[in-house]
Amino acid sequence: MVARLVPLAIFVILVVFLGIGLTLDPREVPSPFIGKPAPPFSLPQVADAAKTLSVADLKGRVSLVNVWASWCVSCRQEHPVLLDLAKRGIVPIYGLNYKDEREAAQQWLSRFGDPYAASAFDPDGKTGLDWGVYGVPETFVIDKQGVIRHKHTGPVTPQALAEDILPLVARLQQEVAQ
């Protein structure tokens with residue numbers, strides 16, 4: 001009798017896990033870096049290879065780090081949203097140009113506009129890997145102490161800004177440095 005119930009029990013367990021899986025958002029991929037200091041880097045900037053951008057530049061204020069590339073179709077989709085956010089001056093946006101060619105990245109920013117306070121050039125993607133990036137675009141919210149507080153996977157949309165990113169930015173901007 002027990003041997004006959006084992007397949008039924010396995011089937012019920014699989015249905016429960018499938019049901020739980022169907023309730024999750026496949027775009028939300030938890031990052032092991034949430035709540036941890038942003039991985040260090042110091043990279044040349046896209047606009048000027050003689051200048052660098054590092055994690056130290058992010059500390060002292062809440063900021064966004066947007067991982068992008070000129071070859072990324074979804075980056076083109078989110079770019080007007082980032083341009084609008086940059087014009088509003090709510091939070092500085094730093095770029096991490098991922099696995100791209102400098103000239104292509106420069107032309108892309110020249111053609112579509114540059115929302116970034118500065119954009120680091122990561123041609124081999126090593127810094128992106130250190131940050132747990134597995135695709136572009138991805139956007140990180142960094143607090144005043146340089147800690148990653150949120151990761152948004154995929155294009156930043158007006159809805160994502162209004163519902164997730166900007167409320168968190170406002171709350172972090174209110175926090176007093178400890």
Side-chain angles (χ1 to χ4, degrees), residues 25 27-48 51-70 72-98 100 105-122 127-128 130-178:
D25 183 354
R27 303 193 91 209
E28 286 190 28
V29 179
S31 172
F33 296 103
I34 302 297
K36 296 182 180 173
F41 72 87
S42 181
L43 293 170
Q45 293 186 16
V46 170
D48 184 351
K51 295 180 180 177
T52 59
L53 179 66
S54 71
V55 168
D57 296 316
L58 307 177
K59 291 185 179 176
R61 61 183 169 210
V62 179
S63 59
L64 301 183
V65 174
N66 176 253
V67 184
W68 68 282
S70 65
C72 165
V73 175
S74 296
C75 296
R76 186 176 289 192
Q77 178 186 350
E78 77 171 355
H79 202 69
V81 176
L82 296 178
L83 285 170
D84 180 60
L85 179 61
K87 285 180 188 172
R88 293 162 50 191
I90 297 170
V91 60
I93 308 168
Y94 293 95
L96 178 61
N97 181 247
Y98 181 72
D100 209 346
Q106 290 171 335
Q107 288 175 354
W108 200 82
L109 291 174
S110 176
R111 180 175 179 195
F112 299 112
D114 187 352
Y116 305 110
S119 191
F121 183 57
D122 183 22
T127 298
D130 291 344
W131 280 58
V133 171
Y134 58 87
V136 289
E138 291 184 6
T139 302
F140 296 86
V141 178
I142 311 296
D143 71 13
K144 295 175 187 174
Q145 290 77 40
V147 174
I148 296 175
R149 301 295 292 265
H150 179 71
K151 176 182 176 182
H152 178 84
T153 303
V156 173
T157 63
Q159 181 180 1
L161 273 180
E163 294 178 3
D164 300 325
I165 296 172
L166 291 180
L168 176 59
V169 166
R171 192 169 62 245
L172 294 174
Q173 288 174 333
Q174 297 293 324
E175 288 182 356
V176 177
Q178 298 176 6

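Please read all numbers here as calculations on a predicted model, not as lab measurements.
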**Message:** Any side-chain to backbone donor/acceptor pair from Q45 onto A120? Under 3.5 Å, distance only.
**Reply:** no
**Prompt:** Less than 4.5 Å apart, any side-chain heavy atom of Y98 and any of C72?
**Reply:** no
**Item:** H79: ring pair (Phe, Tyr, Trp, His ring centres under 6.0 Å) partners, not counting sequence neighbours
**Value:** W108
**Request:** Return the set of residues passing side chain to side chain contact (heavy atoms under 4.5 Å, CB included) with P37 (not counting sequence neighbours), or none when no residue passes.
**Result:** none
**Asked** What's the spacing between L53 CG and L96 CG if we round to 0.5 Å?
**Response** 8.5 Å
**Message:** Taking side chain to side chain contact (heavy atoms under 4.5 Å, CB included) as the definition, give me every residue that meets it alongside V81, ordered by chain and number, with sequence neighbours left out.
**Reply:** V156, P158, L161
**side chain to side chain contact (heavy atoms under 4.5 Å, CB included) partners for Q159, two or more places apart** = T157, E163
**Request:** Taking side chain to side chain contact (heavy atoms under 4.5 Å, CB included) as the test, write out the residues that go with F33, two or more places apart.
**Result:** S31, P39, I148
**Partner set under side-chain hydrogen bond (donor to acceptor under 3.5 Å, both in side chains) for D143, not counting sequence neighbours** = R149
**Request:** Please identify each residue that fulfils side-chain hydrogen bond (donor to acceptor under 3.5 Å, both in side chains) with D100, with sequence neighbours left out.
**Result:** S70, N97
**salt bridge (charged side-chain N to carboxylate O under 4.0 Å, His left out) between K151 and E138, worked out** = CA-CA 7 Å; K151 176 182 176 182; E138 291 184 6; 3.3 Å; yes
**Item:** Residues forming a ring pair (Phe, Tyr, Trp, His ring centres under 6.0 Å) with F121, sequence neighbours excluded
**Value:** none
**Request:** With sequence neighbours left out, write down each residue that passes side-chain hydrogen bond (donor to acceptor under 3.5 Å, both in side chains) with D48, or none if nothing qualifies.
**Result:** none
**Complete:** Sequence neighbours excluded, the answer for ring pair (Phe, Tyr, Trp, His ring centres under 6.0 Å) partners of F140 is W131
**Request:** Would you check if V136 and W68 make a side-chain contact, meaning some heavy-atom pair closer than 4.5 Å?
**Result:** no
**Message:** Under the rule for side-chain hydrogen bond (donor to acceptor under 3.5 Å, both in side chains), what residues qualify as partners of Q77, not counting sequence neighbours?
**Reply:** none
**Residue list, salt bridge (Lys or Arg N to Asp or Glu O under 4.0 Å) with D84, at least two apart or on another chain** = R88
